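Take a look at the structure set out below.
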Number of protein chains: 2
Amino acid sequence: MQQNQATAELMTLRDREYKCGIDVTLALVGGKWKASILWHLAQETMRFSDLQRQFSDTTRKMLTQQLRELETDGLVHRKVYPQVPPKVEYSLTDQGRTIFPILELMCDWGRNYAQAGNQA
Amino acid sequence: MQQNQATAELMTLRDREYKCGIDVTLALVGGKWKASILWHLAQETMRFSDLQRQFSDTTRKMLTQQLRELETDGLVHRKVYPQVPPKVEYSLTDQGRTIFPILELMCDWGRNYAQAGNQA
DNA sequence: AAACACAGTACCTTTTTGGTAACCATTACA
DNA sequence: TGTAATGGTTACCAAAAAGGTACTGTGTTT
C-alpha cells in the first residue's frame with residue numbers, strides 16, 4: 001500500500017508535477033466550487049443561469065472561471081446554442097462522470113462528520 | 001439524488017456554514033498538504049521528522065500548521081513523549097481513518113486521469 | 001426609445017495560503 | 001566550550017485564490 005512512492009514517476013498536469021494521484025485530483029476539483037459544480041451537473045445538464053441560481057452566493061465571474069477550467073481539464077462539456085439571448089448548457093463529459101463515486105463519498109462523509117461534530 | 005437541497009439544514013464547521021457535505025470534506029482535507037498527510041499516516045504512525053522527510057518540499061512551519069489543524073479537527077492524534085530531544089508521534093484517530101476510502105479513490109482517479117491525459 | 005434577457009469580460013481589491021529566515025529549549029557528546 | 005539533535009514558534013513577505021463592480025452585445029418586448 002505504498003503506491004505513491006513505489007512508482008517514482010511524476011505526474012504532470014498544467015505544467016506542474018505531482019507525486020501522488022491525490023494531489024492531481026485536488027488540483028482538478030479542490031477549489032471552492034468545482035466539486036459542487038460537478039456534483040450538480042452529475043444530476044442534470046444545466047444552463048449557466050441554472051447554475052447561477054444554485055450557486056447564488058458566488059458571482060457570474062467565479063462561475064465562468066471555474067467552468068472554463070473544468071472544460072479545459074476535460075471534465076465538463078460546454079454547448080453554445082447560436083441564439084439570442086444566448087443559451088449555454090453545461091454537462092459532464094464521460095471523464096467527468098468517472099469522478100462521481102468520489103463526490104458521493106465526500107458528500108456522505110462530510111455530512112456524517114458535521115453531524116458527529118455537532119454532537120460532541 | 002438531491003441530498004444537498006432536500007435537507008435544507010446548514011452544516012456548521014469552524015464558524016462557517018456549508019450547504020453540502022462535499023464542502024465540509026474539502027474544508028477539512030482540501031488544502032495543499034492535508035490529504036497527503038492523512039494518506040501517509042494511514043499507512044503508519046510517523047514522527048515529525050519522518051513527515052519532514054516525506055514532505056521534503058514543504059517547511060516545518062507548513063507541516064506544523066497542517067498537523068495542528070488536523071488535530072483540532074479530530075482527524076489526527078498527536079502524542080508527545082516527555083524526553084529530550086523531543087519525540088512526537090502522529091497517527092490517525094478513528095475518525096481520521098474513516099476518510100481512507102476517499103483518499104484511496106482520489107489516489108487512483110488522479111493517477112488514471114494523469115495517464116489518460118498524457119496519452120491524449 | 002427604453003428596458004430586459006443571457007452569458008459573459010475587464011479591471012481591481014481583499015483574503016487566504018504558502019514560503020523564508022531567524023530564533024528557542026534541553027540534553028548528550030566531542 | 002561548542003555543536004548537534006528534535007520539534008517546534010514568530011515575524012515578515014510573496015503568490016494564489018476568491019470576490020466586487022462595472023461594462024459588453026444583440027435581438028425581443030414594452
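Both backbone and side-chain heavy atoms feed into the values below; hydrogens, waters and symmetry mates do not. These figures come from a predicted structure and were not determined experimentally. Proteins get letters first, then strands, A, B, ... in listed order; numbering begins at 1 in each.
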Checklist entry - Out of dT16(C), dG19(C), dT21(D), which has the shortest distance to the side chain of Lys32(B)? => result dG19(C)
Item to check | Separation of dT16(C) P from Trp33(A) CH2 (nearest whole Å) | outcome: 13 Å
Checklist entry - Would you say the side-chain atoms of Thr12(A) pair up with the backbone N or O of Glu17(A), donor to acceptor, closer than 3.5 Å? => result no
Checklist entry - Looking at the side chain of Pro86(A), which of dT27(C), dA7(C), dA18(D) is the nearest nucleotide? => result dA7(C)
Next on the checklist: Check this one for me: any side-chain N or O of Arg47(B) less than 4.0 Å away from OP1 or OP2 of dG7(D)?
Outcome noted: yes
Checklist entry - In whole angstroms, how far is the C1' atom of dG7(D) from the CD atom of Gln52(B)? => result 8 Å
Next on the checklist: Here's a test of your reading of the structure: between Met62(B) and Phe48(A), which maps to the more 5' nucleotide of DNA chain C?
Outcome noted: Phe48(A)
Next on the checklist: What's Arg53(B) touching, base or sugar-phosphate or nothing? Going by heavy atoms closer than 4.0 Å.
Outcome noted: nothing
Checklist entry - Atom CG of Leu38(B) and atom CG of Leu67(B): how far apart are they, to the nearest 0.5 Å? => result 9.0 Å
Checklist entry - Gly31(A) or Asp50(B): which one's nearest nucleotide on DNA chain D is closer to the 5' end? => result Asp50(B)
Checklist entry - Roughly how far, to the nearest 0.5 Å, is the CG atom of Leu26(A) from the OH atom of Tyr18(A)? => result 9.5 Å
Next on the checklist: Counting the atoms with a prime plus P, OP1 and OP2 as sugar-phosphate, which does Tyr81(A) contact under 4.0 Å by heavy atoms, base, sugar-phosphate, or nothing?
Outcome noted: nothing
Next on the checklist: Categorize Ser49(A) for me: base, sugar-phosphate, or nothing, with a 4.0 angstrom heavy-atom threshold over every strand shown.
Outcome noted: sugar-phosphate
Item to check | Atom-to-atom span, CD of Gln83(A) to C1' of dC4(C) - whole angstrom | outcome: 16 Å
Checklist entry - Donor-acceptor pair, Gln54(B) side chain versus Asp50(B) backbone, under 3.5 Å? => result no
Checklist entry - Taking atom P of dA18(D) as reference, at what distance in whole Å does atom CG of Leu26(B) sit? => result 11 Å
Next on the checklist: Classify Lys61(A) by what it touches in the nucleic acid, base, sugar-phosphate, or nothing, heavy-atom distance under 4.0 Å.
Outcome noted: base
Checklist entry - Quick one: Tyr90(A) OH to dC6(C) C1', roughly how many Å, whole number? => result 11 Å
Checklist entry - To the nearest 0.5 Å, how far apart are NZ in Lys34(A) and CG in Asp73(A)? => result 6.0 Å
Checklist entry - If you check the Pro85(A) side chain, which of dG8(D), dC6(C), dT16(C) turns out closest? => result dC6(C)
Checklist entry - Between atom CG in Leu63(B) and atom C1' in dG8(D), what is the gap in whole Å? => result 11 Å
Next on the checklist: In whole Å, I'd like the distance from the CD atom of Glu89(B) to the P atom of dG8(D).
Outcome noted: 12 Å
Checklist entry - Is there a chain of hydrophobic side chains (I, L, V, M, F, W, Y, each step under 4.5 Å between heavy atoms) that links Tyr90(A) to Val80(A)? => result yes
Checklist entry - If you find the nucleotide of DNA chain D closest to Arg60(A) and the one closest to Gly30(A), which residue's nucleotide is nearer the 5' end? => result Gly30(A)
Item to check | Atom pair distance, as rounded to whole Å: CD in Glu69(B) and P in dT16(C) | outcome: 12 Å
Next on the checklist: Nearest to the Arg16(B) side chain among dG8(C), dT16(C), dA16(D), which nucleotide is it?
Outcome noted: dT16(C)
Checklist entry - Phosphate oxygens OP1/OP2 of dG8(C): is one of them under 4.0 Å from a side-chain N or O of Arg68(A)? => result yes
